[in-house]
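Comments concern the structure below.
Naming convention: chains lettered A, B, ... in sequence-line order (proteins, then strands); numbering from 1 in each chain.
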There are 2 protein chains.
Amino acid sequence: MTIKELAKIAGLNHSTVSRSLNDSPLISDETKQRVLKLAEEYNFELNASARGMRTKKTGTIGVIFPVIRDRYRDMQYLGSLMNTLRYTIEEEQYDSIITMPVNPKTGKSNIRKLIQQHKVDGLLLVIKELDKEDQDILGESGIPFVSLHFKWQGGYQEDTNYVYPDNFRGGYLAAECLLKAGCRNLITLTEPGGLYEFEERSRGYLAAQTERGLTAGSEQIFYGETGFDFGYNFIMEHQSMLNSIDGIFAQADMNAIGVIEALKELDIRVSEDIAVVGYDDIDIDYFFKPRLTTIHQPREQYTEIACRKLIEMIDSKEQTEIIQKVIEPDLLIRESCVI
Amino acid sequence: MTIKELAKIAGLNHSTVSRSLNDSPLISDETKQRVLKLAEEYNFELNASARGMRTKKTGTIGVIFPVIRDRYRDMQYLGSLMNTLRYTIEEEQYDSIITMPVNPKTGKSNIRKLIQQHKVDGLLLVIKELDKEDQDILGESGIPFVSLHFKWQGGYQEDTNYVYPDNFRGGYLAAECLLKAGCRNLITLTEPGGLYEFEERSRGYLAAQTERGLTAGSEQIFYGETGFDFGYNFIMEHQSMLNSIDGIFAQADMNAIGVIEALKELDIRVSEDIAVVGYDDIDIDYFFKPRLTTIHQPREQYTEIACRKLIEMIDSKEQTEIIQKVIEPDLLIRESCVI
DNA sequence: CCTCTCCATGCAAACGTGTGCATTATCAGT
DNA sequence: ACTGATAATGCACACGTTTGCATGGAGAGG
C-alpha cells in the first residue's frame, strides 16, 4: 500500500496525505485527523526508501563498534555499552545499524559504505582509532557524528563532538584508594601497545603516588592482555613478588577477577594482605567474592550525551554547539580494597 | 556524487554505468572495467534509498531480539548469540538492524514498522512468542523470515522456516550425566511460567530418570528466575535438603554458578558430594572453579543455518525448500559432574 | 457586489536508480 | 554491396515520497 492508494481511499490528493502524515501546518486539523485514522486502520507506513530519497533522511543511525572478542573484557564491558546505546537510540525512535570499522571479508571500510550509500543519518563512533581515509570521508561528507568512549583520535578535525571518560582520573582514584587503604607498594597490570586509554590510567596511577611523596615508576607497571588469564597467570608466575607488594591496580575488572582468584588459591587474603582495585564495573563483578572495588565507567552518561547530541545534530539544520566532554569516573568501594 | 555524474565523467549514459556496476551481461567487459575503475577512483557508492525504491531491496536484515536484562543469563548467552548473528550477517555483506519486538516508548510493533516501511529484506526472529497481529503482518507481507533459538510459536503458519535446539534432549543429557556419575537423588532448578524452552528441559530431565526405573516427578523441580541469585539463594535457604540430594541440574549456567558458589561457601564438595550440571555454555563459565559441566547450546550451528537460509530466501525469487530443524545439543563434561 | 486575503488542497516536478525498449554499430553470410 | 543477426549503448519511464507553486473557495472589508 502506497500513499497514493491511501489518498484514493481518503478521496484526497496524495500530497495532502503526505502533509497530513508529516503533521504539516498547511493541512486543516479535520482532514489531518481523518488521514491519521485511515492510516492507522490500514496499517499504513511510509516507504523508507522513497522517503529517504526525497528527504535524504533514513531514520537510522550507524554505530561503529570494535569487534568483540570473547573471554576478554570486551564482551562484558562493550556488550553492556552496546545495549545501552541500542536502547537509547530506540527510545529516540531511530533504528541502529551496528557494525565494525572494516568488513572482515572484503577489507573495505564500513564507515565509507554507510556514508556513501546514504544508509544512515549519522554515526556514533566507538573506536580506538580512525584511518586517514575514513577521517577524510567523515569530513567531506559532512555527516553528523559523535565519538564516544575512546578518546577522539581524528587528528585535524577540531570541531568534532566527543565524549569519553577521564582515564587519568580513574587511574588516580584507583591508586588513591589503595594508598588510603594503607598500601605502600603498588603494582598495576595493564595492556601493552601504547593505548591511550590504558596509558592514561597508568599516568594517573603514578601521579597519585608521587603526589604523596612516594617513588613510583615504570618498574611497577606490568603488561599483558587485559583478560582473566593474564591476571590469574601473572599472580601464579610472580609468587615471589607477592611478599613485597600490598596493592594491585588491575586496569580491567576481568583482569582483577583473575588476580583475585589466583590470590584466593594461594591463600593470600585479598584486601588484608593484598588489596585489589579493578576498572570498568562490569556486571559479572557481582558474582565474585570478595566483591571487587573498582572504577565505574560512566557509560550511562556518555552514551546518553552522545546519542542526544547526535540526534540534535541530525534534526537541526544549522550548526549546533560543539560538545567535547571528558567525564569523571567514580570509585566504587566494595570489599577487595576498603578505606 | 550520483550515478549520472559518474556517467558524465565516463562519457556514458547513466544506464550503462548502472548496468556496469551491477555486472550486467549486456555491457562489454571493456567499458565495465572502465566504469568500475572510475567508481573506485571517485569512491562512488550507489545510493541505498534510490536503489531500494527501484529494486525493493535494502541490503539490510532485521533481527528481532528480546530485551537483554543485565545480571541474568540473557546478557551472557543472548549477548554472544547476538554477536554471532551480527558477524554472520556481516560476512554475507548485509547490514543488520537489531531491535526488540516492541518499542518501549510507543508500544508499537517494531516488526510491523520494519516490514511496512520496507526497511529490511528479511527478518531473523529470536523471540519466545509472537502477537497475532505480528503473525498476520508476517504472513500478509510475504517477507522472508527465519525463526531461531526459540521454538517457533507462530501458530497457523506451517511453512515457516525455523531452527532451534532440542531442549528435551539437553535436559535428558544433563540428567543422564548426573545419573552416570552415580547420583540417585536429583533436583532441577528452572524458570516458572510454562516457558517451552524450560519445560522441555524438565521433561527430558524426568525422562532420563524414569527410563532407568527411577521415580521422578514434579517434587524434584524448583522454580525461580534463572540468574545467579536464585541459584545461590536456593542453596542457602534449603540447606536441610542438601543431605538428601546428590545431583543438581540448574537449567542455566548463571544459575549453576550461583549454586556452586553457595555450595563452596557451605564447604560441600561439588561433584563428590553434590554434582552440578548447568545449561548454555556461556563464556564466563571459564572463570569459575570447579569448571562447570554443562550443555552446550549449539548456537554456532543454528545462527549459521538461519542466516544462510534467510539470505537464500532473499536472493532467490522462487519459493525455496522449507527448513525446520531441531538441533541436538552436546554435553560438555568438565569438573562439576564427572562420569 | 467586487476585490483582496488567507486558508486548504491539488498539481507536477524532483530525488537516484534500474530496466524495457529503441537505436546504433559491428560483423557474418550471401 | 546488401541483408540480417547480434552486440553494445542510449532514451525515457517508473518506483513512492516531499515540496514549491498554482488553484480554488470562503470570508472580510470596502
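Contact of A:H118 with C:dG16 (side chain to base): no donor-acceptor pair of N or O atoms is detected under 3.5 Å.
Between B:K56 and the phosphate of C:dG18, there is no side-chain N or O to OP1/OP2 separation shorter than 4.0 Å. Residue A:T31 has a polar side-chain atom (N or O) positioned under 4.0 Å from OP1 or OP2 of C:dT9. Close to C:dG10, at under 4.0 Å from its OP1 or OP2, lies no side-chain N or O of A:S15. A sub-4.0 Å separation between OP1 or OP2 of C:dT9 and a side-chain N or O of A:N13 is absent. Listed pair B:N47 / C:dC15 fails the phosphate criterion, with no side-chain N or O lying under 4.0 Å from OP1 or OP2.
Distance CD1 (A:I27) to P (C:dG10): 8 Å, rounded to an integer number of Å. The nearest whole Å value for the distance from the CG atom in B:L46 to the C1' atom in C:dC15 is 15 Å. Atom C1' of nucleotide C:dG18 and atom CD of A:Q117 are separated by 16 Å, given to the nearest angstrom. Distance CD (B:E45) to C1' (C:dG16): 14 Å, rounded to an integer number of Å. What separates NZ of A:K4 from P of C:dC11 is a distance of 11 Å, to the nearest Å. Remark: P of C:dG10 and CG of A:L26 are 13 Å apart, rounded to the nearest angstrom. The distance from atom NE2 of A:H14 to atom P of C:dC11 is 10 Å, rounded to the nearest whole Å. For the pair B:R19 CZ and C:dG20 C1', the computed distance is 8 Å after rounding to whole Å.
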Taking it one step at a time, do B:S24 and B:N22 satisfy side chain to side chain donor-acceptor pair (under 3.5 Å)?
-> CA-CA 6 Å; B:S24 158; B:N22 291 307; over 6 Å; no

Could you go through the salt bridge (charged side-chain N to carboxylate O under 4.0 Å, His left out) check for B:E312 and B:K309 one step at a time?
-> CA-CA 5 Å; B:E312 181 197 343; B:K309 180 62 195 175; 3.6 Å; yes

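Relative ring orientation between A:F145 and A:W152 is described as tilted, the plane-to-plane angle lying within the 30° to 60° band.
Using a 4.0 Å heavy-atom cutoff across all strands shown, B:T2 reaches sugar-phosphate atoms only and no base atom. Using a 4.0 Å heavy-atom criterion, one finds that A:S18 contacts the bases of the nucleic acid, with or without backbone contacts as well.
Scanning DNA chain D 5' to 3' for nucleotides with an atom closer than 4.0 angstrom to a non-hydrogen atom of chain A gives a first and last hit of D:dG16 to D:dG20.
Taking the side chain of B:F44 as heavy atoms from C-beta on, and the options C:dT19, C:dT9, C:dT17, the nearest nucleotide is C:dT17. Of the candidate nucleotides C:dT17, C:dT9, C:dC15, C:dC15 has the atom nearest to the side chain of A:R54.
The number of heavy atoms from other shown groups lying within 6.0 Å of CD (A:E129) does not exceed 12.
Because its NZ or CZ atom is not both nearer than 6.0 Å to the ring centre of A:Y164 and within 45° of the ring axis, A:K151 does not count as a cation-pi partner of that residue.
Side-chain contact between B:L124 and B:I64 is absent, with no heavy-atom pair separated by less than 4.5 Å.
Between B:R112 and B:D134 there is no salt bridge, since none of the side-chain N atoms of the basic residue sits less than 4.0 Å from a carboxylate O of the acidic one. Electrostatic pairing of A:K113 and B:D95 counts as a salt bridge here, judged by a charged N lying under 4.0 Å from a carboxylate O.
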